[in-house]
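Let me begin by presenting the structure, written as structure tokens, before commenting on it.
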Amino acid sequence: MIWIARRVGVSLALIWVVASIVFLALHVVPGDPAELLLSAGGSAPDPATVADLREKLGLDRPLLTQYASFFQGLAHADLGTSLVDDYPVTDEIARRLPRTLELIAAATLLSLLMAIPTGTYAALHRGGLFDRLMSGSAALLLAVPVFVVGTLLVLVLAQTLHIMPAGGYVPWAQSPAQHLVLLVMPALAIAQGLTAVLFRMTRASVLDVLSKDFVRTARAKGIAPARILARHVLRNALTPVLTVLGLHMGALLGGTVLVEYVFNWPGLSTPLLNAVDARDYPMVMGIVLTISTLFLLINLAMDLLYAVLDPRIRTG
Amino acid sequence: MMTPTRRRLLAGIPAIAGTAALPFLRVPARAAATPGTLRYGLSAFPPNLSPWENVGAAAGTVKMLLHRSLVGYDKTGTLQGELAQSWSLDAAGAWVFKLRPGAMFHNGEPVTADDVKWTIEQIADAKSTAYMRAQFQEIVSIETPDAMTVRLVTKSPQATLPTWFANYNTFIIWRKSEPRDPIGAGPFTLTAQERGTSVDVTAFDKYYKPGLPKLRAIKFIAYPDESLRAAALRSGDVDMIEYVPWQTMGAIAADPRLRLDAVNGAAFMDVLFNGGKPPFSDPRVRQAVAHAVKRDDIVQTAFYGRGTALEGVPIAAGTPFYNDQLAHGWNYDPAKSKALLAEAGYAQGFQTTLLATAQYDMHKSTAEVVQQYLAAVGIQCELKLPDWSTRVSMGTRGQYDIAIHGVAADNNDPDGLTVVMDTSLSPTHSRSFALKAPRTTAAFAKGRAEFDQARRIAIYNEMQQAALEEVPLVGLAWRSQGFGMDRRVTGFTNLPAALSTSSGSTLEETSFA
């Protein structure tokens, strides 16, 4: 318990550091939100209008005051409102975060479904045609950037074969079928790299466990091969796979930025990019804080999962 | 050793894959088009829908459907009555607008002179953030002799005042509207908005033009990525898109299912100067820059051939103010450029910086071509390509030597160029910084105060002549602006030249069968 409390404490401190760095960096780089808002399409705003907007948005206050008021709001779980349209940042995150998480969850599920069976099979038939083919594909998938895969998917599935929409989003409540169809391509694009990593990890890990003494002993005891694979091999082999998964889920959050843009998926990334472009300080701060917190939660969840899979961690 | 398991495992792979694919197998790949409802791919999600703030052309398109102003543009780009049915100058030099009887706001309230007066007051308010605030502050009194008449008295004669009301940031709003919920009188009403994704509008059944709008509804879907926007049109996800990327124009025009409606001269690229310090404080050096660049290369590189060279002041060909001779006053002539540099004391050339942005390809490509040609006459530029926000900030503060910019004029009247060429106005990223061009500025002022068309043409010839010598900016290239649509979309018109971004108003006459 103390261990968990300490970890949470350290993480909270880290979030504060991240928030402060982002806050300072945002204010140090050139770019005036008021001017940008009024300069759309290259038009020239009247400086008096810009000054008035700055005052209205509270941007004319000293930096320290703005910093203090941000953290004051944060203490009350209030992330402020967007400088662009006065929309509450919390509402925007609450609506978009689930979509990003859904994308990550779908991609993870796809990866696991593809990587674990193939990885295990490749390990059981080490050196065979399937193994060599899959290992080669994995190297290729790892090398190709996610936006290339995304663009190729749009080109082939949407524009050439016309079997998928080019991108977009339909809420589940409106049409579950459409919702899932639109989820496929972005999830595939994100899953691509992770699948390759997990495939390799599963293969290596299963190979490693297969050569262990306890597997030999189990076989000698005459336990059914299926039971050995499920209870002894996979169970032990999956712990390192989970570690890798946990490490990569953080990276998936980054991968969604490009994928959400390419497929017009209205998750958290697009508003983050737009907010940085528009120097929409409260929105950037809110989203960065959310993502940092998510990182922390994923790591915490992974630690707990290890404990479930490997009893030694529970007692140790 | 594990033969049975291996088989089971093998059998399991297709089973798992099959289960995962099940939900998608029997689903039509995309929503079918609904007649009467147009799905329109926007280039950006509107940051807000404020009727008076300029937050970009994509927002403008949506705003033009929700609201109407006193006047608008017809398909040829000529002013036509909207909420006003006529307007004229009275004997005392004031503009008088007669409102259209029967026009009503979305809440059923009639459009009256009081609403117009209130709207103008809001735009001109000292604390307003409206795009046209500075212009509207020229109005010293707003008289409403009766419910259907508005009389506007200005500080000085304003020949182009009616065009102010054709801008898509000057909509007439019901005077008792809540600030967050402006009620307009446009052909459509706002029915739903999915922030960052889509905007739905539905036909307003009491719109003042009988039989319009023809569409039952429009669904705007934001596709900020231009390639995906074009892909969405080509795969049938949407029925129409704006800002067709130049590299895709050919493919869309060639697609038998689609139609491309592109106009040239919608916007232009130019060079801006920091005139506050040498060497660009010297007009001869600026002229040297103007003669040094071969424009066709910019048209090819930045716009894939979808544009034309611009060798003079950006007045579109085909408008009454275009003067073919003056339009080529800054022709490509490297020898002349070198001579001008020598005359200014820079025979050996010099080192300088060129500011643009890496965020937009057309800015970056234009900057690279300009850099090459300037090097050829001895001006060595170091490229500075920050993100757009930084570029804007540096431009307004004069933290550059020369800069590349792209902009559209407010309308096709030369007075619409004031915002980019009158360097006596306050500093902004879209005008040259601290540059003195007194004769150009004076000509603009004279043009605004003149009501006779023939004399206005003469004045704007004078302005072009002055600008060619004073060089408040250097024109580089006109760019084409295209809308792509399904062939079944009819009645939409891409308005000429600078009005292209106002074309959304013709969606009221658009139908989709």
Side-chain angles (χ1 to χ4, degrees), chain A residues 29-32 35-49 52-53 56 84-85 87 92 95-96 110 113 117-118 120-121 124 151 154-155 158-159 162-170 177-178 180-181 184 219 225-226 228-229 261-264 266 270-271 274 277-279, chain B residues 1-6 8-10 12-13 16 20 23-24 27 29-31 47-48 53-57 127-131 133-134 194-197 221 223-225 227-228 231-232 234-237 387-390 392-394 396 405-408 419-420 426-431 501:
Chain A
V29 292
D32 173 357
E35 186 183 5
L36 287 165
L37 180 61
L38 297 173
S39 312
S43 60
D46 178 13
T49 318
D52 285 342
L53 186 60
K56 203 151 108 187
V84 176
D85 64 353
Y87 193 85
E92 178 78 346
R95 214 185 43 242
R96 282 173 174 265
L110 274 177
L113 282 179
T118 49
T120 314
Y121 187 77
L124 293 176
T151 312
V154 172
L155 181 70
Q159 270 183 263
H162 294 282
I163 55 171
M164 285 274 179
Y169 176 82
V170 172
Q178 279 272 321
L180 288 174
V181 166
V184 175
R219 278 190 209 142
I228 297 181
L229 183 67
Y261 187 76
V262 168
F263 291 101
N264 227 19
T270 323
N274 290 342
D277 267 352
R279 303 288 192 263
Chain B
M1 36 116 208
M2 290 187 188
T3 325
T5 312
R6 195 195 311 150
R8 245 179 256 161
L9 209 67
L10 260 179
I13 295 171
I16 289 168
F24 319 123
V27 173
R30 62 188 96 87
N48 64 46
E53 269 177 25
N54 181 9
V55 291
K127 289 284 168 206
S128 119
T129 49
Y131 179 63
R133 179 172 86 164
E194 169 76 26
R195 200 169 179 276
T197 310
I221 307 159
Y223 286 93
D225 181 59
S227 310
L228 189 69
R234 295 172 74 191
S235 65
D237 294 349
D387 72 324
W388 174 245
S389 311
T390 307
V392 166
S393 175
M394 291 171 78
T396 305
H405 191 57
V407 71
V419 288
V420 283
S426 49
T428 154
H429 69 284
S430 60
R431 278 193 289 269
T501 48

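Hydrogens, waters and symmetry mates play no part in the numbers below; they use all other heavy atoms, side chains included. The shown structure was predicted, so the numbers you read here are calculated from the model rather than taken from an experiment.
Of all heavy-atom pairs between A:Ala278 and A:Val84, the closest is CB-CG2, 4.2 Å. Heavy-atom minimum distance, B:Pro47 versus B:Val55: CD-O, 3.6 Å.
Remark: B:Ser128 pairs with no residue by the side-chain hydrogen bond (donor to acceptor under 3.5 Å, both in side chains) rule, at least two apart or across chains. Scanning for side chain to side chain contact (heavy atoms under 4.5 Å, CB included) contacts around B:Asp225 gives A:Tyr261, B:Ser227, B:Leu228, with sequence neighbours left out.
Between chain B and the residues A:Asn264, A:Thr270, A:Asp277, the largest count of heavy-atom pairs under 4.5 Å involves A:Asn264. When each of B:Ala130, B:Ala232, B:Ser393, B:Ala134 is checked for heavy-atom pairs under 4.5 Å with chain A, B:Ser393 comes out on top. Between chain A and the options B:Ile221, B:Thr129, B:Thr501, B:Asn48, the largest number of non-hydrogen pairs under 4.5 Å is found for B:Thr129.
Proximity to chain A is limited to the side chain of B:Arg133, based on heavy atoms less than 4.5 angstrom apart. Looking at A:Val170, there are no atoms closer than 4.5 Å to chain B (heavy atoms on both sides), in backbone or side chain. With a 4.5 angstrom heavy-atom cutoff, A:Val154 touches chain B only via side-chain atoms.
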Apply side-chain contact (heavy atoms from CB on, under 4.5 Å) to the pair A:Arg279 and B:Thr390, showing each step before the final yes or no. CA-CA 10 Å; A:Arg279 303 288 192 263; B:Thr390 307; 3.1 Å; yes
